[in-house]
There are 2 protein chains.
Amino acid sequence: MQSFTEENYLKTIYNLASKQQGEVSTNALAEMTATKAASVTDMLRKLADKELIHYKKYQGVRLTEEGERLALQIIRRHRLWEVFLVQKLGFGWDEVHDMAEELEHIRSEELVVRLDTFLGHPQFDPHGDPIPTPTGQMPEMGYRKLSDAEAGEAVCLRAVMEHSTEFLQHLNHSSLTLGSIVTVSEINAFDKSVLVQIGNDRTVFVSYEVAKNLLVS
Amino acid sequence: MQSFTEENYLKTIYNLASKQQGEVSTNALAEMTATKAASVTDMLRKLADKELIHYKKYQGVRLTEEGERLALQIIRRHRLWEVFLVQKLGFGWDEVHDMAEELEHIRSEELVVRLDTFLGHPQFDPHGDPIPTPTGQMPEMGYRKLSDAEAGEAVCLRAVMEHSTEFLQHLNHSSLTLGSIVTVSEINAFDKSVLVQIGNDRTVFVSYEVAKNLLVS
DNA sequence: CTAAAAATTTAGGCTGGCCTAAATTTTTAT
DNA sequence: ATAAAAATTTAGGCCAGCCTAAATTTTTAG
């Protein structure tokens, strides 16, 4: 049985690893967990002793199979609770992260099973992220970034890569909603910003910074 | 802001205080929190420093107004989550205590407000305990114990005073359900056990130990 | 290729919440 | 009234998870 803190490290290692290739660095973990590198090193020794990570000094870190299984279990819980908070309690997608961060640690297999059923076995959380299966598989979505689309293309907004309140509220203001079909009408050659058309009437300016964090298909 | 552990002490002090008059003892707290008396003393000093309890050495402990407000807030959360687990997720009333024990510590005012609305502003939890109001009032129910009823009386089962899985499962087996009207048909003079009639056909034996933990009106 | 910079680990220390053993206070029984 | 028993507190210590400062290793720049 892992502590709250150990679970957070596993989840964070998974999330960082999925954004790059190779090992995850101590510093990156320190930044994500809002602690210092020395504290991370302590915890890595502990997780390595429990065989939840592969760890060689100075060489970064990688989850073991068991570590990945646990990480995916925690991410599954997190995403299911986010669905609950948005769909059942009516929170905005920009409000639920911190609460889900706490709810994900509630220790009960049965609770997750029943929550999943109650929610109708959702496939995606409110940010478009796929919900890992009960057996610990992360569905591969094969989305592209909006910033990689070509002018003239019509694409569907599928997910966000950035979960901060500020980013999500910015999308709210721009009427950029998951599930919308948008047409890329113009790509600025200088700053790579994008003009997209939503429906027939509305044209929205999307900066490169934003477009890089929007996944489409 | 209180720690998880501090919240548990406040809740436990409230619960013990409501079952007796006067101050709550260190030993009683040690038993309820499954720790040792010395550890309780440590925590009492801390809570007294924060002015959440009135505490004089060797004299037992009592909540301050602020302490009681916090305790009732935690109890409110606990009972709302129990309603959620039973009514929305379909858990049995004998299965939800430990999960609610964790859920009650999730830190979000807004979450409690929305959960309450989602559940339709319930007045009682699945064990018949009243849910404290948002402003921190504990509704007074004025129930009696079944063990205090007289032969011939018809009473309604309202709540249980013991929340252990074993006790609740025993009630399940005996078809003693909250809301049922039962008639006390006989009180054994020797062991104070009770025979109650449920509906027209069924007669159930209720030991004094059980009758003492059933509240009726 | 090497020296400086960056990243990481080690050493030693802190706090919260727990423990045991010993000391102290209160209660109970004679 | 007082001695024994029970309850409580104090003293000192442990572990998890964090910290800073110093030491070490790796990476990078010239």
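Labels below follow one simple rule: chain letters A, B, ... track the order of the sequence lines, proteins then strands, and each chain is numbered from 1.
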Could you identify the nucleotide paired to dA23(C), looking across every strand shown and requiring Watson-Crick or G-U wobble geometry with both distances under 3.5 Å? dT8(D)
Check whether any side-chain heavy atom of Leu103(A) lies under 4.5 Å from a side-chain heavy atom of Arg77(A), and answer yes or no. no
Show the nearest heavy-atom pair for residues Leu214(A) and Leu171(A), with the distance to one decimal. CD2-CD1, 4.0 Å
Ring pair (Phe, Tyr, Trp, His ring centres under 6.0 Å) contacts touching residues 1-29 of chain B (sequence neighbours left out): Phe4(B)-His105(B)
Sorted by number, the residues of residues 4-27 of chain A with heavy-atom contact under 4.0 Å to DNA chain D: Thr5(A), Tyr9(A)
Contacts table for residues 48-63 of chain B: side-chain donor-acceptor under 3.5 angstrom, sequence neighbours left out:
from, atom 1, to, atom 2, distance (Å)
Lys50(B), NZ, Glu6(B), OE1, 3.1
Lys50(B), NZ, Glu6(B), OE2, 2.9
Arg62(B), NE, Glu23(B), OE1, 3.3

Met161(B): which residues meet the side-chain contact (heavy atoms from CB on, under 4.5 Å) condition with it, sequence neighbours left out? Lys145(B), Asn213(B), Leu215(B)
List in numerical order all residues of residues 52-61 of chain A for which some heavy atom is under 4.0 Å away from an atom belonging to DNA chain C. Tyr55(A), Lys57(A), Tyr58(A)
Set out, line by line, the N/O atom pairs under 3.5 Å between protein and nucleotides 19-21 of chain C.
from, atom 1, to, atom 2, distance (Å)
dC19(C), OP2, Lys36(B), N, 2.8
dC19(C), OP2, Ser39(B), OG, 2.5
dT20(C), OP2, Lys36(B), NZ, 3.4

Using side-chain hydrogen bond (donor to acceptor under 3.5 Å, both in side chains) as the criterion, list what pairs up with Thr12(B), not counting sequence neighbours. none
For Arg45(A) and dT8(C), give me the distance from atom CZ to atom C1', rounded to whole Å. 14 Å
Parallel, tilted or perpendicular, judged at 30° and 60°: which one describes the rings of Phe118(A) and Phe84(A)? tilted
All salt bridge (charged side-chain N to carboxylate O under 4.0 Å, His left out) counterparts of Glu186(A), not counting sequence neighbours: none
Minimal non-hydrogen separation, Glu162(B) against Leu168(B), with atom names: O-CD2, 4.0 Å
Which atom pairs link the protein and nucleotides 2-5 of chain D when you take only N or O atoms and keep those under 3.5 Å?
none

Under the side-chain contact (heavy atoms from CB on, under 4.5 Å) test, residues paired with Asn188(B) that sit two or more places apart: Phe190(B), Asp191(B), Ser193(B)
Would you find a donor on one side and an acceptor on the other, under 3.5 Å apart, between the side chain of Gln123(B) and the backbone of His121(B)? yes
Just the rounded figure in Å: distance from P of dT9(C) to CG of Leu29(A). 10 Å
Separation of dT15(C) P from Gln2(B) CD (nearest whole Å): 20 Å
Without decimals, in angstroms, what is the distance between Met43(A) CE and dC15(D) C1'? 12 Å
Which residues pass the side-chain hydrogen bond (donor to acceptor under 3.5 Å, both in side chains) test with Glu209(A), not counting sequence neighbours? Lys212(A)
Length of the CG-C1' vector between Asp49(A) and dC15(D), whole Å: 15 Å
For residues 116-140 of chain A, the salt bridge (Lys or Arg N to Asp or Glu O under 4.0 Å) pairs (sequence neighbours left out) are Arg76(A)-Asp116(A), Arg79(A)-Asp125(A)
